[in-house]
Amino acid sequence: MLTLRFIQENRDFIIERLKIKNFDATKITGQILALDKERRSTQAAMDDHKAELNKLSKEIGKLFKNGKVEEATKVKEKNAQIKENIKEQSESLNKIEEQLNLLLVQLPNIPHESVPPGKGEQDNVEIKSGGTKPELAQDALPHWDLAKKYDIIDFELGNKITGSGFPVYKGKGAKLQRALINYFLDKAIEAGYHEVLPPLMVNEDSGFGTGQLPDKEGQMYHVALDNLYLIPTAEVPVTNIYRNKILSAKDFPIRMTAYTPCFRREAGSYGKDVRGLNRLHQFDKVEIVQIQHPDKSYETLQEMLNHVESLVKSLNLPYRILKLCGGDISFTSALTYDFEVYSAAQQKWLEVSSVSNFEAFQANRLKLRFKEEGEKKTKLAHTLNGSALALPRILAALLENNQSAEGVVIPEVLRPYTGFDIID
RNA sequence: GGAGAAAUGGCAGAGUGGUCGAAUGCGGCGGUCUUGAAAACCGUUGUCCGUUCCGCGGACCGGGGGUUCGAAUCCCUCUUUCUCCGCCA
């Protein structure tokens, strides 16, 4: 959510920049500013009435104390009229604020100046790539066939227990999941992130704080009886740790990492995109989150990028880093890089990480602020997060790329965690 | 799930209808003293909104609503915490 002050001072800039996100902000910013003006004048008028009421109420108190009951009663009558006015003004103020909020939450974050224009994922810009695509044998199998061959992931069983998109990992498959989780967590901790294990369900306030609510509730599983949402990513509970906090500048950077399962409804997905591990309703992910001083958030974004890159490299997966274009970047993000790994049997690039700087957009919703050393005024912090990493597609690529006649070879770095070096 | 009690500033904790944005202690910050530090002493110390912005006005004592001329204080409701009972990994 952009702040009102920012919209007041930078309307033309906002309209111009949001064109990159293919969003026409002309009308909505106009409405916002008009409503805000109305809000201010209504509040000023109401405050005046309240001041009057407060003053008179004090007088009444004194009059009663001095036994001047008649005079007091007169003043009371006067107050009744003022109260009537306040009631009306407060009602219209509530209405105005409601409308204002409705509009404010519809305005996307301003994209960073480096975000390239574009309509969709085809316009994302590759900024780096690494690793080499393996030469697979003629009879190489896609991961879903490998999973079946070695009996390490059972999709049908998941269908039976829950539904599609909820696989059952078995034996070495299950152990490999655990190994990846621990490996990623250990690397994050090594890089200075503080591990947390958050709740997997969040309330509405948390959903609002990170930008999932309102509007994107269709992407989350909702537990209606208790009005809770299953988390689509650890970003939600972890970032919300700092909701309603006022930090001091010396607290930065705050680095947190969390492993959680993630739950996504993925409504509207279909076909080969969802085959096997490519798109699941429940998957495991290690997330990294940072809260940083506005002046340093882009340095931090780069640092997070480096961390994710080091993970992908250490697993010997061919990868590329994309800078998302205006048409593909999310509503809340100012700048996002996607990491993709090449899954050799499918001959497909799979997104395994998304690293974003939200600048103050989430912080404004979260009321996550800080004070500069020695200053009284609060400012909004910047929030960032990234996957480090999402497991299923990493697993897909590992299975496909490392298959051989003998079996699937486990990357060196994971062997201390798996306790085996081949799946056969 | 049932019965009862409670929720106040960074923390602890007073305050039961006006003089309370809130005593006091701790913590934080600034100063005096000191070679430096500690101790002691003095001062200071919440957030948000509006504004004609050295000033002034308004809101906030878990959330929402109500009673009243006036609410931290009374009432209703929700949430959370604690105690007891029940259930349970």
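All figures in this text were calculated on a predicted structure; none of them were measured in a lab. So that the names make sense, note that chain A is the first sequence line, chain B the second, and so on, each numbered from 1.
Here Glu16(A) pairs with Lys19(A) under the side chain to side chain donor-acceptor pair (under 3.5 Å) rule; sequence neighbours left out. Here Leu141(A) pairs with Asp145(A), Leu146(A), Lys149(A), Gln403(A) under the side chain to side chain contact (heavy atoms under 4.5 Å, CB included) rule; sequence neighbours left out. Listed by chain and residue number, Phe331(A) satisfy the ring-ring contact (aromatic ring centres under 6.0 Å, His included) test with Phe361(A) (two or more places apart in sequence, or in another chain). Residues forming a salt bridge (charged side-chain N to carboxylate O under 4.0 Å, His left out) with Asp421(A) (at least two apart in sequence, or on another chain): none.
Tested against Thr336(A), the residues Asn357(A), Leu322(A), Leu324(A), Val355(A) include a single side chain to side chain contact (heavy atoms under 4.5 Å, CB included) partner, Leu324(A). Here the options are Leu18(A), Ile20(A), Asn10(A), the test is side chain to side chain contact (heavy atoms under 4.5 Å, CB included), and the partner is Ile110(A); only Leu18(A) passes.
Counting any heavy atom pair closer than 4.0 Å across all strands shown, Ile82(A) reaches no nucleic acid atom.
Remark: C1' of G50(B) and CD of Gln8(A) are 12 Å apart, rounded to the nearest angstrom. Glu372(A) has its CD atom 17 Å from the P atom of C29(B), to the nearest Å. Going from atom CD1 of Ile96(A) over to atom C1' of C49(B) covers 14 Å, rounded to whole Å. The distance from atom NZ of Lys250(A) to atom P of G28(B) is 11 Å, rounded to the nearest whole Å. In this structure, the CZ atom of Phe370(A) is 14 Å from the P atom of U47(B), given to the nearest Å.
Look at C56(B): its Watson-Crick or wobble partner, with both distances under 3.5 angstrom, is G50(B). The pairing partner recorded for U83(B) is A3(B), the criterion being a Watson-Crick or G-U wobble arrangement whose two distances lie under 3.5 angstrom. Checking C29(B) for Watson-Crick or G-U wobble geometry (two distances, each under 3.5 Å) identifies G43(B) as its partner.
Separation of the P atoms belonging to C78(B) and A5(B) is 16 Å when rounded to the nearest angstrom. Using atom P as the reference point in both U68(B) and G28(B), the two lie 48 Å apart (nearest Å). For the P atoms, the distance linking G18(B) with G4(B) amounts to 30 Å, nearest Å. Comparing U77(B) with U67(B), their P atoms sit 16 Å apart, to the nearest whole Å. Of the P atoms belonging to A23(B) and C11(B), the separation is 16 Å, rounded to the nearest Å. The same atom, C1', is picked in A71(B) and in G66(B); the two are 11 Å apart, to the nearest Å. G17(B) sits 11 Å from U73(B) when the P atoms are compared, rounded to a whole Å. Rounded to a whole angstrom, the distance from the C1' atom of C69(B) to that of C61(B) is 22 Å.
Distances shown here put a side-chain N or O of Thr378(A) below 4.0 Å from the OP1 or OP2 atom of C48(B). Arg369(A) has no side-chain polar atom (N or O) that falls below the 4.0 Å cut-off from OP1 or OP2 of U47(B).
Evaluation of the side-chain hydrogen bond (donor to acceptor under 3.5 Å, both in side chains) test over residues 201-221 of chain A, restricted to residues two or more places apart or in two chains, returns Asn203(A)-Ser206(A), Ser206(A)-Arg243(A), Thr210(A)-Gln212(A), Tyr221(A)-His281(A).
The aromatic rings of Tyr417(A) and Tyr183(A) stand perpendicular to each other, their planes meeting at an angle above 60°, with 30° marking the opposite boundary.
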Open item on the list: So if I define the base as every atom that isn't primed, P, OP1 or OP2, how would nucleotides 51-73 of chain B read as a B/S/- string at a heavy-atom cutoff under 4.0 Å?
Closed with: S-----BSS---------BS---

